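A short write-up of the structure that comes next.
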Amino acid sequence: MDEELISFAAQSARFLQDVTVDCCQQFFWMTIAAGIFGFLMACGIGANDVANAFATSVSAKSVTLKQAVVIAGICEFLGAMLLGASVTSTIKGKMIDTSLYADEPGVLMYGMLTSLVAASFILAVANYLALPVSTTHTIVGSIVGFSLAAKGFNSINWMQVSKIFISWVAAPVITGSAAALFFWVTRKFILLSQSPYERAVTLYPFIIFLAVGVDLFMVFYKAGKNSPQIKEWGLKFMIPAGFCISLFLAIVFHFVLSPYLQKRVDAKMERLEKAKTDKENEDVVHENAETGEGGEKKSAMMKKILGEEDGEEEKVEEQDGGEPTISTKMSHSERIKKNMSASFHKTVSKIGDATINRDIEAEAFAGSAKAKEMWETGEEFDARAEEMFSYLQVLTACLLSFAHGANDVANAIGPIAAVIAIYNTGEVNSKNPVPKWIIFLGAAGIVLGLLLYGYKLMISLGYKITKMSPSRGFCIELAASFVVVIASFIGIPVSTTQCQVGGTIGVGLLGGEKGNRSGNLNPLFVIKVILGW
């Protein structure tokens, strides 16, 4: 009798599993749709989160927009592919109770899809309005919303959700305070000292040790969530490894790179000074030419500027009839090839002008009189000292971008992996395998989004909140790294974007204007950003 009961139970279990799998087979379209909207969300992450990481570097002119897109794209892609999650949670942060969907896997599949659709739409609106928002909170909010509609109030882990609410206030405030403190110390003891450049060079090894150590530790900590080996090694590996590497870099800089960087900085300052002098001379020549000074003939300087020399004129060969002719004839196929090449180059040029070749500073000032005023009246420091900080600023931005690619790409690929896992197995699991092609899809979407629309968020965070410089940007990124690391230990999910915004506000409050100590901030735009959260 017992054997018959066991046999009947086994047959019933197989029947239920077959029914569940067959039920999921009809939802094949969901896997396709999830892949499409997951890719769109990854584009939104690239245009928002990643752009925010490099906004201060671009506005401070540590790198150009084109360089920022290339560097960030490489760092994000490598971070995602090398250290991205091979296994991801079905629900990020355990915000809802997945056991409630064990008998209805199709409902969870549909919920993951609608969450991706909603999150993609919200990010598209935020990017269109150029508002820096948290992509993590966007997908979490979407998932919570679908679960409320599907299973009700009790399906939500409100203790975890409450931590999100706390982080909306705590993360920007703490980061702003930390950034203001770092900038106050930097300004008082380096930038406003009697010899700011020399002091910056002297303290550079210590700054490298501290900043790179913290950022490397954050990279290891975030990578540990995805790598079982790093997670097993724990803090006894992460902390010593991060700061040992930073100590090595500090020593290398002091004995090897410091003389090279100083020569590089001095050479750049000389080039800028020469360019400024040439521009002033050019303005004088044009002014003289317009007022008619110097007679009918143009001065030698004017001719040189306009690319003219005495006796030089364009010469065109003419036939006996006086008509111009081309000395070489081109075949039909060659003309087609030349036209196609010209058309291709023209198309590429148009795409570049619309994305990475934009003059975002001019656009920012043209669109916001307050932004232009802040940058004209903002406090300025020694140019050579600021140039030294630009190298650190770019390095910390690269490490932040690498860590972001390793960890936050899961915001886009997590729901995709959940939908595909349910489709393949017919079961709801707390963890799902993530094939490499899904990680590649997410990484490619992030890079594409950054390329196409990243400039919009760089204008907002880099130009419209406060005046930016390499020293200010470095303090903001260092403060954001500190807060993200500390919050990870405490268990509060914070947004890197909100930390960056909070740090920018903190530096703006302390930054001051020329001739006084008052803050240099755009309060109306700050309110707009906060309302966007």
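Computed from heavy atoms alone, side chains included, the values below leave out hydrogens, waters and symmetry copies. Computed from a predicted structure; not experimentally measured.
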- Any idea which heavy atoms bring Ser134 and Thr138 closest together, and the distance? O-OG1, 2.7 Å
- Quick one: do the Asp215 and Thr396 side chains pair a donor with an acceptor below 3.5 Å? no
- Query: Does Glu387 pair with Arg264 as a salt bridge, N-O distance under 4.0 Å?
  - Reply: no
- Message: I need the minimum non-hydrogen distance between Lys467 and Gly378, along with the two atoms involved.
- Response: NZ-O, 3.4 Å
- Nearest atoms (heavy-atom pairs only) where Ala385 meets Leu191: CB-CD2, 4.2 Å
- Give a yes or no on whether Lys66 atom NZ has more than 12 heavy-atom contacts from other residues, nucleotides or ligands under 6.0 Å away. no
- Query: Minimum heavy-atom separation for Met41 to Leu116, with atom names?
  - Reply: SD-CD2, 4.0 Å
- Just wondering, more than 12 heavy atoms not from Phe440 lying within 6.0 Å of its CZ? no
- Message: Measuring centre to centre across the rings, with the benzene-like ring taken for any Trp, is Phe183 within less than 6.0 Å of Phe474?
- Response: no
- Which pair of non-hydrogen atoms, one from Ile356 and one from Val69, has the smallest distance, and what is that distance? CG2-CG2, 3.9 Å
- Message: Counting C-beta onward and ignoring hydrogens, is there a side-chain heavy-atom pair between Phe389 and Ile207 closer than 4.5 Å?
- Response: yes
- Item | Trp375 side chain reached by Ser59 side chain, heavy atoms, under 4.5 Å | yes
- Query: In terms of the angle between their ring planes, are Tyr463 and Phe365 parallel, tilted or perpendicular, with boundaries placed at 30° and 60°?
  - Reply: perpendicular
- Apply side chain to side chain contact (heavy atoms under 4.5 Å, CB included) to the pair Val214 and Phe243, showing each step before the final yes or no. CA-CA 7 Å; Val214 171; Phe243 283 95; 4.2 Å; yes
- Message: Let me confirm one number: the OH-CG distance from Tyr455 to Asn357, rounded to the nearest 0.5 Å.
- Response: 12.5 Å
- Partner of Ser469 under side chain to side chain donor-acceptor pair (under 3.5 Å), picked from Lys61, Gln393, Glu386, Glu379, is Glu386
- Considering non-hydrogen atoms only, spot the tightest contact between Asp49 and Val133 and give its length. OD1-O, 3.5 Å
- Message: Using side chain to side chain contact (heavy atoms under 4.5 Å, CB included), reason through Tyr204 and Tyr391 one step at a time and then give a plain yes or no.
- Response: CA-CA 11 Å; Tyr204 214 74; Tyr391 298 102; 3.5 Å; yes
- For side chain to side chain donor-acceptor pair (under 3.5 Å), just list the numbers for Ser258 and Gln262, CA-CA rounded to whole Å, side-chain angles, deciding distance to a tenth of an Å, and then say yes or no. CA-CA 6 Å; Ser258 180; Gln262 291 181 61; 2.9 Å; yes
- Message: Taking OH in Tyr197 as the centre, count heavy atoms belonging to other residues, nucleotides or ligands within less than 6.0 Å. Is the count above 12?
- Response: yes
- Rounded to the nearest 0.5 Å, how far does CG of Leu400 lie from OG of Ser57? 9.5 Å
- Message: I want to check something: taking the side chain as every heavy atom from C-beta on, are Phe482 and Leu210 in contact at a cut-off of under 4.5 Å?
- Response: yes
- Task: Start with the C-alpha distance between Thr64 and Val58, add both sets of side-chain angles, then the distance that settles side chain to side chain contact (heavy atoms under 4.5 Å, CB included), and finish with yes or no.
- Result: CA-CA 6 Å; Thr64 64; Val58 174; over 6 Å; no
